[in-house]
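What follows is a set of notes on a single structure, which appears directly below.
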2 protein chains.
Amino acid sequence: MRLLPHPATEDIQLTEVLRALSDPVRLEIVVRLALGGEMTCGVAGDDLGVHKSTASHHYRALREAGVVLTKQEGRLKYMSLRRDDLESCFPGLLDSVLSAAGIPSAAAIRSADLQSPSAAAIPSADVPARR
Amino acid sequence: MRLLPHPATEDIQLTEVLRALSDPVRLEIVVRLALGGEMTCGVAGDDLGVHKSTASHHYRALREAGVVLTKQEGRLKYMSLRRDDLESCFPGLLDSVLSAAGIPSAAAIRSADLQSPSAAAIPSADVPARR
DNA sequence: CGTATAGTTGGACTGTTGTCAAACAATTAG
DNA sequence: CTAATTGTTTGACAACAGTCCAACTATACG
């Protein structure tokens, strides 16, 4: 399992995070990650209406802004929101964005996320079997 | 006193607000408005390190995104944050951005703002005499 | 009226962004 | 080894963004 290069928590810049979240495609990816927890790029980018290479650029933008964490496992790459890092840098920001993006209760989802696999909202978004 | 064209509250788009806030110059303007309340473009754009026409473009970007409200009075234009509109569209978002931008307590400032002129933080940022 | 003030507009320039397509790389499965 | 799968990289391209400068508009002041 390899971790891709990411900015350190203290290097995450507010304007870059806002910039990353200001694209509809990227925001949708972030919403999916918020709802479904860790998932592969393939799942996160399914049916986004853009070419897979475009989606790949968006993954990188999100990673370089410090919004998501990406780790490679075999031939799959798993993305997850850097919730705690973002919360420590910009308290409340991610939750308010997610809630503004239509997620019922960001806090509730987060706690549910930690308790059980949950995934009820998205078809194949459960934490994959890891083979 | 004339009001410039603005998007209606219900037409404010999350991604456009995030986009507007993702530029350092615009974010600085927003921070000034948050600290100083309503102020002229001249005051809001003082010492930003960009040409006045550049600042003017940023004013427009903020206005068109629904972040600020601009009204003309004589030859001056007064800008103010659309706090209530943003709060009703995206609860908590502006406050978390402002607090992430280094404003001590966004909520405290807002309430102080409503009680007294309170310009303590910025030199000439008090609500102007309106002549 | 003429001049100063406050801000906008348009052009030009440079750099960035979002997109697709095609080729590529890395891993896994047969 | 060969095929398929997963995602990245590169190139091309059009659109957009941020900036400055110069000219302009509109209001107010003398």
Side-chain angles (χ1 to χ4, degrees), chain A residues 1-6 13 15-29 32-33 38-65 68-80 124 128-131, chain B residues 1-6 13 15-29 33 38-65 67-80 124 128-131:
Chain A
M1 198 274 283
R2 285 168 304 175
L3 215 61
L4 272 62
H6 295 78
Q13 298 294 315
T15 51
E16 293 178 17
V17 170
L18 295 174
R19 177 84 185 56
L21 298 175
S22 73
D23 179 273
V25 173
R26 285 192 295 263
L27 186 57
E28 170 64 23
I29 294 172
R32 292 182 185 190
L33 292 173
E38 188 179 67
M39 62 183 67
T40 67
C41 294
V43 172
D46 188 48
D47 277 331
L48 278 180
V50 295
H51 196 276
K52 67 172 183 170
S53 65
T54 302
S56 182
H57 285 303
H58 288 310
Y59 306 149
R60 182 160 49 88
L62 288 169
R63 192 181 70 236
E64 292 179 346
V68 306
L69 185 135
T70 310
K71 47 186 172 180
Q72 182 158 8
E73 212 154 325
R75 63 182 162 182
L76 300 179
K77 285 184 180 171
Y78 290 88
M79 284 193 298
S80 56
S124 53
R130 214 55 63 81
R131 214 169 18 271
Chain B
M1 198 274 282
R2 286 168 304 179
L3 215 61
L4 272 62
H6 294 80
Q13 297 295 315
T15 51
E16 293 178 17
V17 170
L18 295 174
R19 176 85 185 56
L21 297 175
S22 72
D23 179 273
V25 173
R26 286 193 294 264
L27 186 57
E28 171 62 24
I29 293 173
L33 292 173
E38 188 179 66
M39 63 182 68
T40 66
C41 294
V43 171
D46 188 48
D47 277 332
L48 278 179
V50 294
H51 196 278
K52 67 170 182 172
S53 65
T54 302
S56 182
H57 286 303
H58 287 310
Y59 305 149
R60 182 162 50 88
L62 288 170
R63 191 181 69 235
E64 291 179 347
V67 175
V68 305
L69 184 136
T70 310
K71 47 186 173 180
Q72 182 159 7
E73 211 155 325
R75 64 181 161 181
L76 299 179
K77 286 185 180 171
Y78 290 88
M79 282 192 300
S80 57
S124 52
R130 212 57 61 81
R131 213 167 14 290

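Just the heavy atoms: all of them, side chains too, but no hydrogens, waters or symmetry mates, feed the values below. A note on names: the letters A, B, ... follow the listed sequences, proteins ahead of strands, and every chain is numbered from 1.
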Between A:R26 and A:Q72, just flag the one whose closest nucleotide in DNA chain C comes earlier from the 5' side. A:R26
Distance-only, no hydrogens or angles: does the A:R63 side chain make a donor-acceptor pair with backbone N or O of A:M79 under 3.5 Å? no
Quickly work out the B:R75 CZ to C:dA4 C1' distance and round it to whole Å. 7 Å
From OG1 (A:T70) to CD (A:E38), nearest 0.5 Å: 9.5 Å
Whole-Å distance separating the CG atom of A:D46 from the P atom of D:dT5: 15 Å
Passes side chain to side chain contact (heavy atoms under 4.5 Å, CB included), A:V43 versus A:R32? Steps please. CA-CA 9 Å; A:V43 172; A:R32 292 182 185 190; over 6 Å; no
Would you mind pulling out the nucleotide paired to D:dA3, Watson-Crick or G-U wobble, both distances under 3.5 Å? none
CZ (A:R75) and OG1 (A:T40) are apart, to the nearest 0.5 Å, by 11.5 Å
If I take atom NE2 in residue B:H58 and atom C1' in nucleotide D:dC20, what distance separates them, rounded to the nearest angstrom? 12 Å
Mate of C:dT28 across any strand shown (Watson-Crick or G-U wobble, both atom pairs under 3.5 Å) is none
Please report, rounded to the nearest Å, how far the P atom of D:dA15 is from the CG atom of A:D23. 18 Å
Among residues at least two apart in sequence or on other chains, which ones pass side-chain hydrogen bond (donor to acceptor under 3.5 Å, both in side chains) with B:Q72? B:R2
Start at the 5' end of DNA chain C and walk down; is the nucleotide closest to A:R19 or to A:R2 reached first? A:R19
Give, for atom CE of B:M39 and atom CD1 of B:I29, the distance between the pair rounded to the nearest 0.5 Å. 10.5 Å
Test log, rule side chain to side chain contact (heavy atoms under 4.5 Å, CB included), inputs B:H58 and B:L48: CA-CA 11 Å; B:H58 287 310; B:L48 278 179; over 6 Å; no
Value in whole Å for how far the P atom of D:dA28 lies from CG of B:L76: 9 Å
Whole-Å distance separating the CD atom of B:E16 from the P atom of D:dC16: 13 Å
Rounded to whole Å, CD of A:E73 lies from P of C:dA26 at a distance of 18 Å
Write out a two-atom table: protein N or O, nucleotide N or O from nucleotides 8-15 of chain C, distance below 3.5 Å.
{"from": "C:dT8", "atom 1": "OP2", "to": "B:S56", "atom 2": "OG", "distance (Å)": "2.4"}
{"from": "C:dT8", "atom 1": "O5'", "to": "B:S56", "atom 2": "OG", "distance (Å)": "3.2"}

